Amino acid sequence: MKIYSTLSGRKEEFSPHDPVRMYVCGVTPYDDSHFGHALSYIVFDAVRRYLEFRDYRVRHVQNFTDIDDKIIGRAKVRGVPVKELVDGLIADYFKDMDSLNILRAHVYPRVTEEMPQIIDMVRGLVDKGYAYQLGGDIYFRVRSRPDYGKLSRRKLEEMSAGARLEVDLAKEHPMDFALWKAAKPGEPSWESPWGLGRPGWHIECSAMSLRYLGDALDIHGGGQDLIFPHHENEIAQSEAFTGQAPLVRYWMHNGLVQLGEAKMSKSLGNLVTVREARARYSSDAIRLFVLSSHYRRPLTYSEEGLQSMERGAERLRLALRPSPAGGAAIEVGEHRQRFIEAMDDDFNTPQAVAVLFELAREINRGREEGLGLTAALGDLRELGGVLGLTFEKVKGALQVAPFRELLDETLKALAVSEPFVGEAAEVALMAKNSSPDECILELIELRKRLRAARQWALADRIRAGLGELGVSLEDTPQGTVWRRAT
RNA sequence: GGCGACGUGGCCAAGUGGUUAAGGCGGGGGUCUGCAAAACCCCUAUCGGCGGUUCGAAUCCGCCCGUCGCCUCCA
C-alpha cells in the first residue's frame, strides 16, 4: 500500500505503527460547516475506513480549535458567550458530518481543554531557546530551525521578500509566529507564566497530537490550504520540542473545493453549507461526487455534477435490490481485487468507484440470467461501505394531500368509464384515512385493473400523475413496484 | 514577484512509456414492455498548442497558450 506524502512529494510504502496514528485537522467552529469541510472529512473517512478494511487498527484524533479571533468576533456580533457559540456549532458540526455517514474520531480534543499541555509546550520551547518573549507574547524563532520550510518547499529568504506582512519590527524575524498571545481586554484568557493570554493558532495541534498520539504520527491530514503556514509551523515547533523527527510519516493534503472560478471559502463568502447540500442530495450522491475525483485534486462544486451522482447512487441502490437465490454464483473476486489495488495506490477512489459500477453491472447481468447473487451483493455492499456509502435514500416524508387529490381525480375519471365505478367507490372508501403509501398502493391497484382491461390511457394517467409527485412505477414480473424518484 | 497544481469524449473524471484510453452522467441505436420504467447489449475521445527524446508518448523534456491554489484567516 502506497501513500503520497506532501513532505517527500512522492508515494511511499505505508508502514505505520499499530495502531495507526492518524491526526486530522479539525474545524474552527465559528460558522456552519461548508462543502469544503465535507470533502475533507469524507476523504479522511474513506482513508480510515479503508485502513480498517485492510485490518489496520486506527487511532483517529481530530481537534476543535475552539478559541480564536474569528470565534471571539462572532460571539461578540451575536451577543453570546464564546462557549455557548462554540458548543452549538460543534453540535451542528457533528450533525452535519453524521448526515454524511462520517465515522467519529476516537478523540476530539479542544484547545480550551488542553491549556496545561499547551503551556507546557510553549514553556519548553522557550527553555530550549526556540522561542522568545516579547511583552506578553511568545514567538517561535523560525531561524532556529534550518529545515524550516521543508513541507511547503519555501525558503525563509524567499518568503520574507515578497510577502505581505505587517512587520512587527520587534520580532527577530518577520516569519516568527506566535505561540502565545497576551490577552486583550474583554477576551477569554488563561493564566500562564507570561501572564493572561491564549495560545497562537498552530501550537494546539502540536500539543494535542503529542498528547494523544505521541511524537511520531503516521498520518496527518488536512486541506492543502493548511500546508503553509499551519503544518509547516507545526513541524517546526513539534520537532523542536521533542527533538524527534519526522513528526509525521505521511502528510496527506486534500485538494480544495472550488465554486465557479474561485476557491470556496469563508472569507470569500461563496459557500455552500453541508446542510444545504444535504437537503438537496443524498449522502451517497455527495460522497460519490467527492470520491469520483482524486483527493489531491481540486474539485469544482456543481449542481449538475451532484445530480448526475444522485442518478449514479440510485443505480447502485437498484443493483442491490434483493434477488431470489439463483443457480451458480457469479464470479466477483476480480472486482474485489481491483478495488483493493485501486485503494492501495494512494487511495485512488475514482477507480474504486468505477469498480463498484462495474460490479453493479455484473450483478444486473447475473440477475437477468438467474444466477446466484448473494456473494456479489455482499461484496458491493461491503466495498461501497468502505467508501462510506449507505445505499439508503432518505427523503422527507411524502405529503398525503396530493396523493389523495390524485386518487380523487382518478376516481372521478373512472366514474365515466363504466366497469370500474363500483370497485372504485369501494377503494375510495378504504382510502379515506390512508397514508401516502396506502394512496399509492390504491392507485397502483386501480391501474392494475385498468391495464387488465386494456384501458391504457387512464392507466398511463395514473403513472404520469404519480410521476409528477415524485413516485415512479416499474412493472415487473412480480407486479408493480414504486419508489421515490431521484 | 516566489512556490505549486492542472488542461483527457457533450459534462464530470481515472490512466502517466507499449494489447481495444477506466467509470459515471448525458446522447443515439437495439432487446424487454401495451407503452414506459428499470436492466442488458452496441455506438459516442487520440488526450491544450508547437517542437524534441524514444523502436514506441496522453504518459518524459523544452517553449507557448489557458485555468487554479498557496505565499494572510481557511478543510
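Bear in mind that the values here come from a model prediction, so they are computed numbers and not experimental data. Throughout, a chain's letter reflects where its sequence line sits, starting with A, and its residues are numbered from 1.
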Requested in this report: Please test A/Y93 against A/D32 for side-chain hydrogen bond (donor to acceptor under 3.5 Å, both in side chains), starting from the C-alpha separation and ending with a verdict.
Outcome: CA-CA 7 Å; A/Y93 169 86; A/D32 293 326; over 6 Å; no
Query raised in the report: Do A/E12 side-chain atoms and A/Y250 backbone N/O form a donor-acceptor pair below 3.5 Å?
Result: no
Query raised in the report: Under 4.0 Å between a Lys/Arg side-chain N and an Asp/Glu carboxylate O for A/R361 and A/E368?
Result: no
Report task. Please determine if a side-chain N or O atom of A/R315 lies less than 4.0 Å away from the OP1 or OP2 oxygen of B/G24. Result -> yes
Requested in this report: State which of B/A38, B/U72, B/A75 makes the closest approach to the side chain of A/V257.
Outcome: B/A75
Query raised in the report: After noting the C-alpha distance and the side-chain angles of A/D68 and A/Y30, does the key distance pass the side-chain hydrogen bond (donor to acceptor under 3.5 Å, both in side chains) rule?
Result: CA-CA 9 Å; A/D68 95 320; A/Y30 74 91; over 6 Å; no
Query - Verdict with reasoning, A/E204 to A/R110, per salt bridge (charged side-chain N to carboxylate O under 4.0 Å, His left out) - result: CA-CA 9 Å; A/E204 91 266 15; A/R110 294 169 58 155; over 6 Å; no
Report task. Pick base, sugar-phosphate or nothing for A/Y41, based on heavy-atom distances below 4.0 Å to the nucleic acid. Result -> sugar-phosphate
Report task. Start with the C-alpha distance between A/D475 and A/T480, add both sets of side-chain angles, then the distance that settles side-chain hydrogen bond (donor to acceptor under 3.5 Å, both in side chains), and finish with yes or no. Result -> CA-CA 4 Å; A/D475 298 321; A/T480 300; 2.7 Å; yes
Requested in this report: Rounded to the nearest angstrom, tell me the gap between atom CH2 in A/W251 and atom P in B/A75.
Outcome: 15 Å
Query raised in the report: What integer number of Å spans the P atoms of B/C40 and B/U46?
Result: 27 Å
Query raised in the report: Contact class for A/L256 vs. all strands (heavy atom < 4.0 Å): base, sugar-phosphate, or nothing?
Result: base
Query raised in the report: Which whole number of Å gives the distance between the P atom of B/C3 and that of B/C43?
Result: 48 Å
Query raised in the report: For A/D218, which residues count as a salt bridge (charged side-chain N to carboxylate O under 4.0 Å, His left out) partner, sequence neighbours excluded?
Result: none
Query raised in the report: Can A/K11 and A/S5 be said to form a side chain to side chain contact (heavy atoms under 4.5 Å, CB included), step by step?
Result: CA-CA 6 Å; A/K11 290 178 190 173; A/S5 176; over 6 Å; no
Query raised in the report: Between A/H253 (NE2) and B/A75 (C1'), how many Å, whole number?
Result: 10 Å
Query raised in the report: Among A/H106, A/E114, A/R59, which residue meets the side-chain hydrogen bond (donor to acceptor under 3.5 Å, both in side chains) test with A/Y212?
Result: A/E114
Write out a two-atom table: protein N or O, nucleotide N or O from nucleotides 41-45 of chain B, distance below 3.5 Å.
residue : atom : partner : partner atom : Å
B/C41   : OP1  : A/R365  : NE           : 2.9
B/C41   : OP1  : A/R365  : NH2          : 2.3
B/C41   : OP2  : A/R361  : NE           : 3.4

Query - P-based separation of B/A38 from B/G28 [nearest Å] - result: 14 Å
Query raised in the report: Mapping A/S40 and A/Q307 onto RNA chain B by nearest heavy atom, which one lands closer to the 5' end?
Result: A/Q307
Report summary line: Output field dot_bracket for RNA chain B (Watson-Crick or G-U, both distances under 3.5 Å, | for other-strand pairs) contains ((((((((.[[[..)..(....]]]((((((.......))))))...[[[[[..)....]]]]])))))))....
Report task. Could you tell me whether A/G221 contacts a base, only the sugar-phosphate backbone, or nothing, with contacts defined as non-hydrogen atoms closer than 4.0 Å? Result -> nothing
**Report entry** CA sep, side-chain torsions, deciding dist, call: A/R447, A/D460, salt bridge (charged side-chain N to carboxylate O under 4.0 Å, His left out)
**Finding:** CA-CA 8 Å; A/R447 178 168 167 274; A/D460 290 351; 5.1 Å; no
Query raised in the report: For every nucleotide of nucleotides 3-20 of chain B, 5' to 3': is a protein heavy atom under 4.0 Å from its base (B), only from its sugar-phosphate (S), or from neither (-)?
Result: S--S------SSSB----
Report summary line: Taken to the nearest whole Å, NZ/A/K155 to C1'/B/C70 is 17 Å
Query raised in the report: When you compare B/G56 with B/A37, how far apart are their C1' atoms, in angstrom units rounded to a whole number?
Result: 49 Å
Report task. Please report the C-alpha distance between A/E232 and A/K150 in whole Å, then the side-chain angles of each, then the deciding distance to 0.1 Å, and finally whether the salt bridge (charged side-chain N to carboxylate O under 4.0 Å, His left out) criterion is met. Result -> CA-CA 7 Å; A/E232 192 70 62; A/K150 65 181 173 183; over 6 Å; no
Query - Cation-pi check, A/R143 onto A/Y148 ring (under 6.0 Å, within 45° of axis) - result: no
Query raised in the report: Could you state the CE-P distance from A/M97 to B/A75, rounded to the nearest angstrom?
Result: 11 Å
Query raised in the report: Taking the C1' atom of each, how far is B/C25 from B/C65, in whole Å?
Result: 30 Å
Report summary line: From OH of A/Y23 across to C1' of B/A75 the rounded distance in Å is 13 Å
Query raised in the report: Less than 4.0 Å between a side-chain N and a carboxylate O, is that true for A/R317 and A/E314?
Result: yes
**Report entry** Residues that A/E187 engages under side-chain hydrogen bond (donor to acceptor under 3.5 Å, both in side chains), provided they are two or more places apart
**Finding:** A/R198
Report task. Between A/F228 and A/A354, just flag the one whose closest nucleotide in RNA chain B comes earlier from the 5' side. Result -> A/A354
Query raised in the report: Whole Å only: how far is the NZ atom of A/K70 from the P atom of B/C73?
Result: 9 Å
Requested in this report: Looking at every strand, decide which applies to A/N364 at a 4.0 Å heavy-atom threshold: base, sugar-phosphate, or nothing.
Outcome: sugar-phosphate
Query - Integer angstrom distance from the C1' of B/G69 to that of B/G10 - result: 28 Å
Report summary line: Given protein heavy atoms under 4.0 Å, the one-letter contact record of nucleotides 30-36 of chain B, with B base, S sugar-phosphate only and - none, is simply ----BBB
Requested in this report: Sticking with atom C1', work out how far B/G24 lies from B/A45, rounded to a whole angstrom.
Outcome: 16 Å
Report task. Verify, without hydrogens or angle tests, whether A/R449 (side chain) and A/A452 (backbone) share a donor-acceptor contact under 3.5 angstrom. Result -> no
Report task. Return yes if some donor-acceptor pair links the side-chain N/O of A/Y108 with the main-chain N/O of A/G26 below 3.5 Å, else return no. Result -> no
Query - Phosphate-side-chain proximity, A/R311 and B/G26, N/O vs OP1/OP2 below 4.0 Å - result: yes
Query raised in the report: CZ of A/F177 versus P of B/U72: gap in Å, rounded?
Result: 13 Å
Query raised in the report: Roughly how far apart, to the nearest Å, are B/A5 and B/A21 at atom P?
Result: 28 Å
Query raised in the report: Whole Å only: how far is the CZ atom of A/F339 from the C1' atom of B/G23?
Result: 14 Å
